[in-house]
2 protein chains.
Amino acid sequence: MALQPVLIAGQWRPAQSTGSFHAENPATGERLPDEYPTSAWADCDAVLTAAVEAAVALRALPAEKLAEFLTAYAAQIEARAADLAAIAHLETGLPVTPRLATVELPRTAGQLRQAAAAAREGSWALPTIDSKINLRSVLEPLGPVLVFGPNNFPFAYNGVAGGDFAAAIAAGNPVIAKAHPSHPGTSRLLAEAALAAVRETGLPPATVQMLYNIANEDGLRLVADPRLGAVGFTGSRSGGLRLKAAADAVGKPIYLELSSLNPVVMLPGALAERGPKLVEEFTTSCLMASGQFCTNPGLMLLLAGEAAEQFEAGVKEKFAAAPVNPLLSAGVGRGLLNSLATLRAAGAEVITGGEPVNTPGSRFANTLLRVSGEDFLAAPEKLQTEAFGNASLLVIARDASELAAVLDHLEGNLTGCIYSDTQGGDDELYQDLAPRLRRRVGRLLNDKMPTGVAVSPAMNHGGPYPATGHPGFTAVGIPAALRRFAMLACYDNVRPARLPAALADKNPNGKMWRLIDGNWSQGDVSI
Amino acid sequence: MALQPVLIAGQWRPAQSTGSFHAENPATGERLPDEYPTSAWADCDAVLTAAVEAAVALRALPAEKLAEFLTAYAAQIEARAADLAAIAHLETGLPVTPRLATVELPRTAGQLRQAAAAAREGSWALPTIDSKINLRSVLEPLGPVLVFGPNNFPFAYNGVAGGDFAAAIAAGNPVIAKAHPSHPGTSRLLAEAALAAVRETGLPPATVQMLYNIANEDGLRLVADPRLGAVGFTGSRSGGLRLKAAADAVGKPIYLELSSLNPVVMLPGALAERGPKLVEEFTTSCLMASGQFCTNPGLMLLLAGEAAEQFEAGVKEKFAAAPVNPLLSAGVGRGLLNSLATLRAAGAEVITGGEPVNTPGSRFANTLLRVSGEDFLAAPEKLQTEAFGNASLLVIARDASELAAVLDHLEGNLTGCIYSDTQGGDDELYQDLAPRLRRRVGRLLNDKMPTGVAVSPAMNHGGPYPATGHPGFTAVGIPAALRRFAMLACYDNVRPARLPAALADKNPNGKMWRLIDGNWSQGDVSI
């Protein structure tokens, strides 16, 4: 069978390839039939050249056109929903329902529509006008954005359809998607839908391009290429940090979403008040999608005592009884085994699980580990090794001050939760612990597991390094996510006819919020 | 005479020093009497430890306290205005009036007061509330900020008083200032004023700390230290990029303002219409403060022809006739000579000046160079060497397409200007050139020199790399400058009493703009 073509400059073209690969069905271990190319540098060069042209053309279009494309794309995805869910299921092992068909696909279409609304309305760009001195500024597109999608959300974070994609396009940039090689068929179907929408709405052909795979060194070269404006990456810490170094060396904006343990602190009053319910909540959150969520609670902090022992026993029982679902790929299983070895060598004890399940495909026993606060503090770095998958580590602190010390040794995380009782018995402890946790996480939760990530303007799916590369930005949440892929563009004494629409005296759509002489307004500049 | 003490943890303490230095009067070349320490790592360690404690204490204070401090500091500076102007004049050679006493000092006090107003009002932090799902986010302090001030603005960019300082404090962070060694006495007086304001308003003693000088390797170590939250740097490209590499390696936010040539394009219609006036404008802007402004127009682009020749002749005459003022230091003179050698070796011809002036102190002849567009395009990197000081390069392009090519080869700059005629004769050319220039500059001007940088919410004193480290941020302009020194902090399902004031249902001061359910509002969350 011929190699699948790649999407360059609005055409599906034969790749200039240096190799090829197949996806695998992780539920069965079977190789899937289609063969996909690893592109040579020539393909990277071609997408860059086409993207630069598209970037220039996009700047000349009204934002309404971007919105039309994003909306049309959402509809194209919905029209292919059954096929998309079927192939994504085959390539990732994730269930068609509810996960793929009724949760992730609608979320993906919804993100695209939210991005469309943001592009159309324009407030995301923080237009700011000082009418007295005729000084005006607004966020403008950065140029072609390279998006690396991860393995764990074949739709919602896909480089050619997900959150980074939607944000980059809505901000006015063409996207070069680097598909994740574990779900190339899903990415192909999505890219076909995107291309149909590009044609339907008359956008520049190279607004959306996609390569399936490239050599690591070509990835670094792409990131550093002056034709590229910015990079979005969701994936492993090691891969992300290599790309970050390449981007940093040339001063290129790169937005990373890397590993995160998402610590959860269960205070004693909460356990006493509603222990069995918390066992249930924690187990459900841990094992959702076999623990392969960026916001999976991988670290649970407890104060030593009878309540903690009961919590552990309850979770152990549920972990052992819960079904074992396939991992996203054989690679995830290998990574999990490696991480567990590191954790065990550093003093963590396996309470249940700890081994692959001997069936066809990639499955791993639901795994619970435990370590004392003292041992954690003796090797905090090793004991924060991410075990991506259905494994979580309990840290049992001797007392409140040891618990505080554990929090003070946490790396940057996307989320952190504190559960406390409803009668105020945990409040003093909360007051001491919450500020410590606050500084180390992007999103602080109360009495709620972190797994859900609402697409809301108030969301922060980001956090301090090494959870991401910059603590001021979020990957989820519109309009804020758009601002990552933009530069601040100021107009000083520029003549009225030459100003972008967002900065004209007249509000271009009557809805755009603009900061005019210090006040947010949907009106015109008063003359 | 004893070494001057350093400001650590609210006390002037003897430095742990590895050496010492004196400032020099650049107008005379004389060494000034006071001896200042180069601090050893022990001092760096001490300021970090104290700053961490101050950061925790500052978080617990209402923003009103920050505003009180910034306001009191502005008054303390004004109370010392005469002394400050006198010592800054001695150390920098800049004139007491108008520059130091009537322009830069009031600007500095004004920045502090604007920052105070922003801290008090709170809108800078973009509080965002999704009331339906009780999800809320706001920008919060990052932790201690290290500010490196440059040589060229002893007040307005001073690490212990300038724009980065004001922004970092207003965002709720303590500042560790690294004074510029060319004006240590000015920095000392400012730090004394800051300390008086800290005491007057009861802020944590280590809110403001200052060291005069540190070894390069200790600077890198400071930047990488996990106790430090972020870095602001204004200065040379080489020094800034070394610090950037150290910060990037540990994922620490660093905001840089590096070199910028600030290209000016003078279109033919403008020259024909008002040539002599433009000669005057350009000369004034070039020679202001001996060309030692970050926004000094170091590169002028013209189309070949009689008008360009007349422009050049006019500027040459004015440059030769204008007085030669001292440079900020002997080092600036050496740097200028080196840069001119690079430019000449790459094909630039000296039209006037080109040599140091043989007087006491550091003075350099007003220097104009010229190169053809063709030669520029043969060595665009070398011919964009910044000649910091009173030197500018004219690039004479053969035709419009060569001019466009020159713009396409520009590095990132803070500013770019286009002058055009008022009757529309240059409009076609403008339409082609402006988008090319737009992408490479933070602030695009029409018919105006870039030297003035208004402290306005709409200002962008930033731009694409290598003018700065990230094109989305500005160093001047409140409230935007504050957002550099902050992290996005999200609260998910957090109980009402535990929310920060900015995210409570009730608007904390009735003035704060918050994005509530998609609309900017100064009201409360409706229940």
Side-chain angles (χ1 to χ4, degrees), chain A residues 56 59 128-130 133 135-137 139-140 142-143 244-245 248 250-253 412 415 430 434-435 438-439 442-448 450 454 456-460 462 464-466 469-474 480 483-484 486-495 498 513 515 518-520, chain B residues 56 59 128-130 133 135-137 139-140 142-143 244-245 248 250-253 412 415 430 434-435 438-439 442-448 450 454 456-460 462 464-466 469-474 480 483-484 486-495 498 513 515 518-520:
Chain A
V56 171
R59 273 167 215 272
T128 302
I129 298 176
D130 184 332
I133 57 173
L135 188 71
R136 300 165 194 241
S137 61
L139 291 168
E140 293 191 354
L142 263 179
K244 178 181 180 327
D248 288 341
V250 296
K252 178 147 322 167
T415 71
Y430 183 95
R438 173 70 282 178
R439 291 193 51 209
R443 178 164 53 115
L444 176 72
L445 301 98
N446 277 188
D447 310 306
K448 188 181 170 189
S456 157
M459 178 49 69
N460 180 16
Y465 185 86
H470 192 298
F473 295 98
T474 175
R483 290 197 276 268
R484 295 175 297 159
M487 63 175 276
L488 185 57
C490 178
Y491 295 81
D492 189 345
N493 198 41
V494 168
R495 302 183 192 173
R498 296 170 175 176
W513 284 98
L515 189 66
N519 285 299
W520 287 101
Chain B
V56 171
R59 274 168 215 272
T128 302
I129 297 176
D130 184 332
I133 56 173
L135 188 72
R136 301 164 194 242
S137 61
L139 292 169
E140 293 192 356
L142 262 180
K244 177 181 181 325
D248 288 341
V250 296
K252 178 148 323 167
T415 71
Y430 183 94
R438 172 70 280 178
R439 290 195 51 208
R443 178 163 55 113
L444 177 72
L445 302 97
N446 276 186
D447 310 306
K448 188 181 170 189
S456 158
M459 178 50 68
N460 181 15
Y465 185 86
H470 192 298
F473 295 98
T474 175
R483 289 196 277 267
R484 295 175 296 158
M487 63 175 274
L488 185 56
C490 178
Y491 294 82
D492 189 346
N493 199 40
V494 168
R495 302 184 192 173
R498 295 170 174 177
W513 284 99
L515 189 65
N519 286 297
W520 288 100

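Every chain is numbered from 1, with letters handed out A, B, ... down the list of sequences.
- Residue contact with chain B, scored on non-hydrogen atoms closer than 4.5 Å, is absent for A/Pro435.
- Considering every non-hydrogen atom in both A/Pro457 and B/Thr128, the closest pair reads O-CG2, 3.4 Å.
- Ranked by heavy-atom pairs under 4.5 Å with chain B, the first of A/Leu515, A/Ile129, A/Leu444 is A/Leu444.
- Taking each heavy atom of A/Cys490 and B/Ala458 in turn, the nearest pair found is SG-O, 3.4 Å.
- Distance check, rounded to the nearest 0.5 Å: CG of B/Leu488 to CG of A/Asn460 gives 4.0 Å.
- Note on A/Pro464, A/Pro253, A/Gly143, A/Gly442: by heavy-atom pairs under 4.5 Å with chain B, the leading option is A/Gly442.
- A heavy-atom distance below 4.5 Å is found between the side chains of B/Pro471 and A/Leu142.
- Looking at A/Arg136, the atoms closer than 4.5 Å to chain B (heavy atoms on both sides) all sit in the backbone: N, CA, C or O.
- For the atom pair CD1 (B/Ile133) and OG (A/Ser456), the distance works out to 4.5 Å, reported to the nearest 0.5 Å.
- Looking at A/Lys252, neither its backbone nor its side chain comes within 4.5 Å of chain B, counting heavy atoms on both sides.
- A distance of 9.5 Å separates CG of A/Asp248 from OH of B/Tyr465, quoted to the nearest 0.5 Å.
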A/Arg439 vs B/Glu140, side-chain contact (heavy atoms from CB on, under 4.5 Å): CA-CA, chis, key distance, verdict
CA-CA 9 Å; A/Arg439 291 193 51 209; B/Glu140 293 192 356; over 6 Å; no
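- At a 4.5 Å heavy-atom cutoff, the contact between A/Val250 and chain B is made by backbone atoms alone.
- Between B/Met459 and A/Ser137, every side-chain heavy-atom pair lies at or beyond the 4.5 Å cut-off.
- The candidate with the highest count of non-hydrogen atom pairs below 4.5 Å against chain A, out of B/Ala480, B/Gly472, B/Ala489, is B/Ala489.
- B/Asn493 contributes no side-chain N or O that, together with a main-chain N or O of A/Lys448, makes up a donor-acceptor pair within less than 3.5 Å.
- Using a 4.5 Å cut-off between heavy atoms, A/Ala486 contacts chain B through its backbone alone, with no side-chain atom that close.
- Here CG of B/Asn519 is found 12.0 Å from CH2 of A/Trp520. Values are rounded to the nearest 0.5 Å.
- Under a cutoff of 6.0 Å and an axis angle of 45°, A/Arg438 and B/Tyr491 form a cation-pi pair.
- When A/Gly251, A/Pro450, A/Gly469 are compared by the number of non-hydrogen pairs under 4.5 Å with chain B, A/Gly251 comes out ahead.
- Atom CZ in B/Arg443 sits 5.0 Å away from atom CG in A/Asp492 (nearest 0.5 Å).
- The aromatic rings of A/Phe473 and B/Phe473 lie perpendicular to each other, with more than 60° between the two planes, well past the 30° mark.
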